[in-house]
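Report on one structure; see the data block that follows.
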Amino acid sequence: VALNNDVNSSGTLDFNGAVTLGGAGGLRTVTGANVDVASTVAGAGNSLTVDSPGTTTFGGAVSGVNALVTDAAGNTAINADITTAGNQTYNDAVTLGGAGVRLLNGGTVTFGSTVALNNDVNSSGTLDFNGAATLGGAGGLRTVTGANVDFASTVAGAGNSLTVDSPGATTFGGAVNGVNALVTDAPGNTSINAVITTAGDQTYGDAVALGADTVLTGATPTFGSTVTGNGHDLTLDFSGPTLIDGAKFTGIRNLESGNGGVTTLQGTVTTSGDQTYNDAVTLGADTTLTGVNETLAGVSGGNNSLTL
């Protein structure tokens, strides 16, 4: 189909063959009760808007498109790779499907509503998840890769693990729960603005900054770089070993650990508020605790000194 004009139908539009965008104005708008693009779309440098109160489906690769937009009503199924020169904006609920990793390359990719992450996602641009994200699909692990990755809303793990790879900023703006293990890679930085609860470990390879009072709950935490509190409270509720290195933890107001694990302290741990260690404490090196009040359930020195 050569789409040299906008198309509007009161019924379902099924494009079973390859579609090429053309005509004047640089933008083609396709409107239907449902819009099923079962094959490829060649944009030829034009933008594409799909308006449907029902289901929009991209079953074949989309390439050569400038900007791609879907409207807020209905839902969109992305079962193939989509490459645009400009931004991709999905205003409706999105479900990822098809085989392999979903490549969504271009400018900023914005999900305005809920997203069912049934595939790994890889983008050369920024991924903005403005609606709730749910992990699914086979294999028990979803990997999300982008220049920046912003989960502005909640993440429901449904028992799956989540790895976020980004050389820029990774943001958890809403509560994360139901995730098995959570990993962020070493480049870039991670902002945590809500509660994160995992059944397994939490591994932050990059620098972490708190944007709100935060509770992290799981098995074992690993902080590969610095943790900057920005004046917020941090509670580490882990059932396994927790290492708090004073050289890495700065700017925290109230610091607390618990949940039955073992907390290892080393260096100078400084807070503007209280420090409360509800689980067993081991000194990994000479340690100084500086804060308003320090409360320790029990301490094993290991021949190291503790200064309060």
Point to revise | Donor-acceptor pair between Asp237 and Asn259 side chains, under 3.5 angstrom | key: no
Check your understanding: What pairs of residues pass the side-chain hydrogen bond (donor to acceptor under 3.5 Å, both in side chains) test when at least one of them lies in residues 194-205, not counting sequence neighbours?
Key -> Thr198-Gln202, Gln202-Tyr204
Review point. Just how far is it from atom CG of Leu162 to atom OG1 of Thr143, taken to the nearest 0.5 Å?
Key: 7.5 Å
Review point. Out of Thr271, Thr276, Asp274, which one pairs with Asn293 under the side-chain hydrogen bond (donor to acceptor under 3.5 Å, both in side chains) rule?
Key: Asp274
Exercise for review: Write down the atom of Leu289, the atom of Gln275, and the distance for their closest heavy-atom approach.
Suggested key: CD2-OE1, 3.4 Å
Point to revise | Spacing of Asn130 atom CG and Phe151 atom CZ [to the nearest 0.5 Å] | key: 11.5 Å
Point to revise | Same apolar cluster: Leu308 and Leu265, side chain cutoff 4.5 Å | key: yes
Point to revise | Separation of Leu236 CG from Leu234 CG (nearest 0.5 Å) | key: 4.0 Å
Practice item. Kindly determine whether Thr190 and Asp206 satisfy side-chain hydrogen bond (donor to acceptor under 3.5 Å, both in side chains), including the steps that lead there. Key: CA-CA 7 Å; Thr190 292; Asp206 50 1; 2.8 Å; yes
Practice item. Mind checking the CG-CG spacing from Leu104 to Asn122? Nearest 0.5 Å is all I need. Key: 9.0 Å
Which atom pairs, donor and acceptor, lie under 3.5 Å between side-chain atoms of residues 64-76 and protein residues at least two apart or in another chain?
residue : atom : partner : partner atom : Å
Asn66   : ND2  : Ser47   : OG           : 3.4
Thr70   : OG1  : Asn91   : N            : 3.4
Thr70   : OG1  : Asp92   : OD1          : 2.8
Asp71   : OD1  : Ser52   : N            : 3.2
Asp71   : OD2  : Ser52   : N            : 3.2
Asn75   : OD1  : Thr55   : OG1          : 3.3
Thr76   : OG1  : Asp92   : OD1          : 3.1
Thr76   : OG1  : Asp92   : OD2          : 2.8

**Study point:** By salt bridge (Lys or Arg N to Asp or Glu O under 4.0 Å) - contacts of Asp185 (at least two apart)
**Key:** none
Practice item. Measure the acute angle between the ring planes of Phe111 and Phe129, then classify it against the limits of 30° and 60° as parallel, tilted or perpendicular. Key: parallel
Practice item. Please round to the nearest 0.5 Å and tell me the distance separating atom CD1 of Ile192 and atom OG1 of Thr184. Key: 8.0 Å
Practice item. Heavy atoms only: give me the nearest Arg142-Leu117 pair and the separation to one decimal. Key: CD-O, 3.0 Å
Review point. Do Val281 and Leu216 belong together in a cluster built from hydrophobic side chains that touch within less than 4.5 Å?
Key: yes
Check your understanding: Under 4.0 Å between a Lys/Arg side-chain N and an Asp/Glu carboxylate O for Asp81 and Arg102?
Key -> yes
Revision key, fill the gap. Correct closest heavy-atom pair for Ala194 and Gly173 would be CB-O, 3.9 Å
